[in-house]
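Both ligands and their constituent atoms are indexed starting at 1 by order of listing.
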Amino acid sequence: MKKVVGFVGWRGMVGSVLLQRLKAENDFNNFYSAFFTTSQLHCASPNVENLETPLLEDAYDLECLIPLDIIVSCQGEKYTKIVYQKLKARGWKGYWVDASSYLRMNNESIIVLDPINLDAIQAGIESGTKAFIGGNCTVSLMLLSLGGLFTQNLIEWVSVSTYQSVSGSGAQSMLDLLKQIGYSYTDISSYLSSKRPILELEREFTKSLKTIDCSKNKIKTPLLGNLLPWIDTPMNNGQTKEEWKGSAETNKILNRKNYIPIDGICVRVPSLRCHSQAFTIKLNSDCSIKEIQSMLASHNPWVRVINNTLEDSIKQLTPLNVTGTLNIPIGRIKKMNFGKKYLSAFSVGDQLLWGAAEPLRRILNILIHQ
Ligand code: NAP
């Protein structure tokens, strides 16, 4: 019998990308769907196959949630915090699939990235695990791009510098960046056609950026013409929480006896929805670049090994080239001056697709066949 799946948070950024992917793959044919809201009660549900009810239901109404076989939440931590334990306390036995980080490090949950940890997912389902949580975006994108090396147990440690897009900070931050572009263009457009020296234009542009009022924004400083070397809240060891997740979540997903140290600096940049990452990797053994390229390329169907040339890097290894696709290019692969076991690489991935929605779509497909 077809399962009934409830969707909460489906109109947010992650949720709407998830819906697009479910539609594109005709997944809605395989289950009945019910849609929930925290703000638009009784408005129309999205138009998909096998709708249980034509109108949106209350996402906080446990009586509506309890009959569901699977709940997929892209609503955020606050919602999970309020609803998940209440449902469990009421004896709900369904599967909980979640984009938020609230349950990720919980012992009873599995962080899902099936091209990496399908065995753990299947073992978890067999042993009664009910919570399947999407990983942090940079973690999922790193694991998919370096999957060939992780799988072969070739990595001793990774130092990573991220270049994370503004969509990771939420829809409002994306809008704020677009407004900054419009504001500063309006402010300096008359200078652009003048024949003034370039440093005069630079001064005017910088002055314009510095007058943008960000006091009401989530990101409290302009991102245009800028970057932010800090993402998320501080930990007590000097890391940010985003940097802490890089190590904690990766090791949880890999589930190995040997802990792999991963650390670095996470940086917000003004790209829209692709995260990029520069890796310094200490290998366990001295493999040739050819062997490394072959291991990386054969790990999964989405990774693309890019030649270490200017032409290929600027054509294929950029956020603009990758945005809206499931491709995960990895390039700038070279041995470093530090020694034969030191490797550099650079990867790019759409953080709303493989970084958020796609692992959820795939676990949903696994669960509906249980
Ligand atoms: P979001 O875009 O802010 O959407 C969350 C909810 O806000 C929506 O489901 C909707 O709920 C409500 N909302 C209010 N005004 C809206 C509007 N104008 N348009 C759309 N929705 C509106 O959140 P998100 O970025 O998708 O993130 C959801 C969860 O996924 C978070 O826990 C986040 O940490 C996690 N995550 C995000 C990313 C990312 O790249 N953004 C990546 C990985 C994980 P109602 O319909 O109930 O009002």
Exercise for review: Taking atom CG of N47 as the centre, report whether more than 12 heavy atoms of other residues, nucleotides or ligands fall under 6.0 Å from it.
Suggested key: no

Check your understanding: Considering only the protein, which heavy-atom contact is closest to atom 28 (C) of ligand 1, and what is its distance?
Key -> C74 O, 3.0 Å

Review point. Has ligand 1 got any nitrogen or oxygen that is less than 3.5 angstrom from a nitrogen or oxygen of T38?
Key: yes

Review point. Are T206 and E202 close enough that a side-chain donor and a side-chain acceptor fall under 3.5 Å?
Key: yes

Point to revise | C266 backbone acceptor or donor facing Q164 side chain under 3.5 Å | key: no

Practice item. State whether the shortest distance between N or O atoms of S39 and N or O atoms of ligand 1 falls below 3.5 angstrom. Key: yes

Point to revise | V14 N/O under 3.5 Å from ligand 1 N/O | key: yes

Point to revise | Distance-only N or O hit between ligand 1 and M13, under 3.5 Å | key: yes

Check your understanding: Just by distance, with hydrogens left out, do S101 and E77 show a side-chain donor and acceptor under 3.5 Å apart?
Key -> yes

Point to revise | T138-Q277 side chain donor-acceptor pair, cut-off 3.5 Å | key: no

Check your understanding: Which atom names give the shortest non-hydrogen contact between I116 and G147, and what distance separates them?
Key -> CD1-CA, 4.1 Å

Practice item. Around atom 34 (O) of ligand 1, find the nearest protein heavy atom and jot down its residue, atom name and distance. Key: S100 CA, 4.7 Å

Practice item. Among all protein heavy atoms, pick the one closest to atom 44 (C) of ligand 1 and tell me residue, atom and distance. Key: A99 O, 3.4 Å

Practice item. Starting from atom 4 (O) of ligand 1, locate the nearest protein heavy atom and write down its residue, its atom name and how far away it is, to 0.1 Å. Key: G12 CA, 3.2 Å

Check your understanding: Hey, is ligand 1 close enough to Q351 that some N/O pair sits below 3.5 Å?
Key -> yes

Point to revise | Residue and atom name of the nearest protein heavy atom (relative to atom 11 (O) of ligand 1), distance in Å to one decimal | key: Q75 NE2, 3.2 Å

Study note, to complete from the structure: The protein heavy atom nearest to atom 15 (N) of ligand 1 is R11 NH2, 3.6 Å

Check your understanding: For atom 41 (N) of ligand 1, which protein heavy atom lies nearest, and how many Å away is it?
Key -> S167 O, 3.3 Å

Check your understanding: Nearest to atom 31 (C) of ligand 1, what protein heavy atom do you find, and at what distance?
Key -> G76 CA, 3.7 Å

